[in-house]
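Quantities reported herein were computed from a predicted structural model and do not represent experimental measurements. When a ligand or atom number is given, it counts from 1 through the structure's own listing order.
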Amino acid sequence: MRKNIVAGNWKMNNSHSEAVQLVGSIVNSIYDDAVQLIVIPPSIYASEIAKITSLSQIEVGVQNSSQYESGAYTGELSSSMIKSIGVQYVLVGHSERREYFDEQNVTLALKVNQLLNDGLTPIYCCGEILEEREKKNHFNIIKNQLEEGLFHLNDNQIQSCIIAYEPVWAIGTGVTASSNQAQEIHHFIRGLLVDKYGVAIAESISILYGGSCKPSNATELFANPDVDGGLIGGASLSAEDFIAIANSFS
Ligand code: PEP
């Protein structure tokens, strides 16, 4: 059966000491150990954060990786480097990377390939902007993001991936997708997985919701049959809120 997961994307926030303090508070909290917790700090802190979490059940991710294997790519981090510091998860195609760094599905597919070659777990993000939803084009957009960035994978490879549905209009805005809106899209994504890979594989893949998820709405969102947890931005910068979200599965 697929895992329930709560992943905290710290984005470009926190000094070194704040990051160490935050992960320390999370490690020392009491949380539902049936839920996989993942912290995703800025890469520069990831090695130390991975050491701090190493005796806990908390896993570590980073927010981006290179589509190239190694070489003259100034400023980039390869999947093998990420693996070598004990980090297992990598965000791919977060909407902020798509918007501000012009990341296209075709590049994201290459990043996914590199990660899988090194045995890492991509958390592949998809989601529509407000205008696309208003034009009722959101199903097509999400389908396209998945088909171009992820559905080139074979049956084994896709089972090593996590999908995060993040409606861009809900990220950092305080506006959350309603529970019904989240379930509708998660069910749609699961259906695409069924069509491409069959029921058994589709049922084994965790699909996370992201977009202003917080302690006050997590229980309702996570109660949906196709919502397997959350990718949390702002609320993951508070250990108390992050843990409250992790404890929101019924
Ligand atoms: C995110 O950036 O992945 C996110 C979901 O942010 P927030 O929770 O702040 O909306």
Side-chain angles (χ1 to χ4, degrees), residues 4-14 18-19 22 26 35-43 45-46 49 58-65 87 89-103 108 111-112 121-130 132-133 138 141-142 145-146 149-150 161-179 181-183 185-186 189 206-222 224 226-249:
N4 286 332
I5 299 169
V6 172
N9 173 15
W10 297 0
K11 309 194 186 188
M12 198 172 72
N13 291 299
N14 282 340
E18 287 166 340
L22 175 56
I26 293 170
V35 179
Q36 178 63 65
L37 290 191
I38 306 169
V39 292
I40 310 179
S43 308
Y45 307 141
I49 301 284
I58 296 164
E59 294 277 356
V60 181
V62 291
Q63 300 167 19
N64 185 30
S65 62
V87 164
Y89 295 86
V90 180
L91 293 181
V92 178
H94 188 281
S95 65
E96 289 151 15
R97 303 256 2 135
R98 290 177 185 267
E99 181 179 354
Y100 305 129
F101 303 95
D102 198 28
E103 292 195 354
L108 302 177
K111 292 187 180 209
V112 166
T121 306
I123 303 177
Y124 185 84
C125 304
C126 59
E128 79 285 0
I129 62 172
L130 186 58
E132 290 160 347
R133 180 167 277 264
H138 48 302
I141 294 291
I142 294 161
Q145 289 170 337
L146 291 169
L150 213 53
C161 297
I162 296 167
I163 295 173
Y165 167 59
E166 300 206 299
V168 181
W169 46 271
I171 295 181
T173 58
V175 180
T176 316
S178 70
S179 178
Q181 284 172 322
Q183 171 56 22
I185 300 295
H186 283 232
I189 293 172
S206 299
I207 307 176
L208 313 184
Y209 168 79
S212 298
C213 183
K214 39 190 183 258
S216 59
N217 57 28
T219 306
E220 199 186 346
L221 286 162
F222 296 173
N224 286 301
D226 288 299
V227 177
D228 307 309
L231 178 54
I232 318 299
S236 73
L237 296 172
S238 151
E240 198 185 330
D241 285 355
F242 186 60
I243 294 298
I245 292 169
N247 289 333
S248 294
F249 292 88

A.B. asks: Given E166, E96, H94, which one has a non-hydrogen atom that is nearest to atom 5 (C) of ligand 1?
C.D. replies: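 Looking at heavy atoms only, the winner is E166.
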A.B. asks: Angle class for the F249/F222 ring planes (parallel below 30°, perpendicular above 60°, tilted otherwise)?
C.D. replies: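 It falls in the parallel class, under 30°.
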A.B. asks: Whether the side chain of Q36 engages the backbone of I5 through a donor-acceptor N/O pair (distance < 3.5 Å, no angle test) should be reported.
C.D. replies: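 No.
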A.B. asks: When you measure from the side chain of Y124 to the backbone of Q145, do you find a donor-acceptor pair of N or O atoms at a distance under 3.5 Å?
C.D. replies: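 Flag set: sc Y124 to bb Q145 pair under 3.5 Å.
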A.B. asks: Would you say the side-chain atoms of Q63 pair up with the backbone N or O of S43, donor to acceptor, closer than 3.5 Å?
C.D. replies: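 No; zero donor-acceptor contacts below 3.5 Å.
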A.B. asks: G210 heavy atoms, cut-off 4.0 Å: which ligand 1 atoms fall inside?
C.D. replies: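 Result: 5 (C).
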A.B. asks: Is there a donor-acceptor contact under 3.5 Å linking the side chains of W169 and E128?
C.D. replies: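 Distance-only check passes for W169 and E128.
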A.B. asks: Touching ligand 1 at all, A170? Heavy atoms, strictly under 4.0 Å?
C.D. replies: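 A170: in contact with ligand 1 (<4.0 Å).
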A.B. asks: Under a 4.0 angstrom heavy-atom cut-off, which atoms of ligand 1 come close to G233?
C.D. replies: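 Heavy-atom distances to G233 below 4.0 Å select 4 (C), 5 (C), 6 (O), 7 (P), 8 (O), 9 (O).
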A.B. asks: Would you say K11 touches ligand 1, if touching means a heavy atom closer than 4.0 Å?
C.D. replies: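 Yes.
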A.B. asks: Short list, please: which atoms of ligand 1 are under 4.0 Å from a heavy atom of G211?
C.D. replies: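 With G211 as reference, the close atoms of ligand 1 come out as 5 (C), 10 (O).
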A.B. asks: Which residue holds the protein heavy atom closest to atom 9 (O) of ligand 1, what is that atom called, and what is the gap in Å?
C.D. replies: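 Protein heavy atom at minimum distance: G234 N, 2.8 Å.
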A.B. asks: Yes or no: does G172 have any heavy atom under 4.0 Å from an atom of ligand 1?
C.D. replies: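 For ligand 1, residue contact (heavy atoms, under 4.0 Å) with G172 is present.
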A.B. asks: Is it true that, when you exclude E240 itself, more than 12 heavy atoms of the residues, nucleotides or ligands shown sit nearer than 6.0 Å to its CD?
C.D. replies: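 It does not: E240 CD has 12 such atoms or fewer within range.
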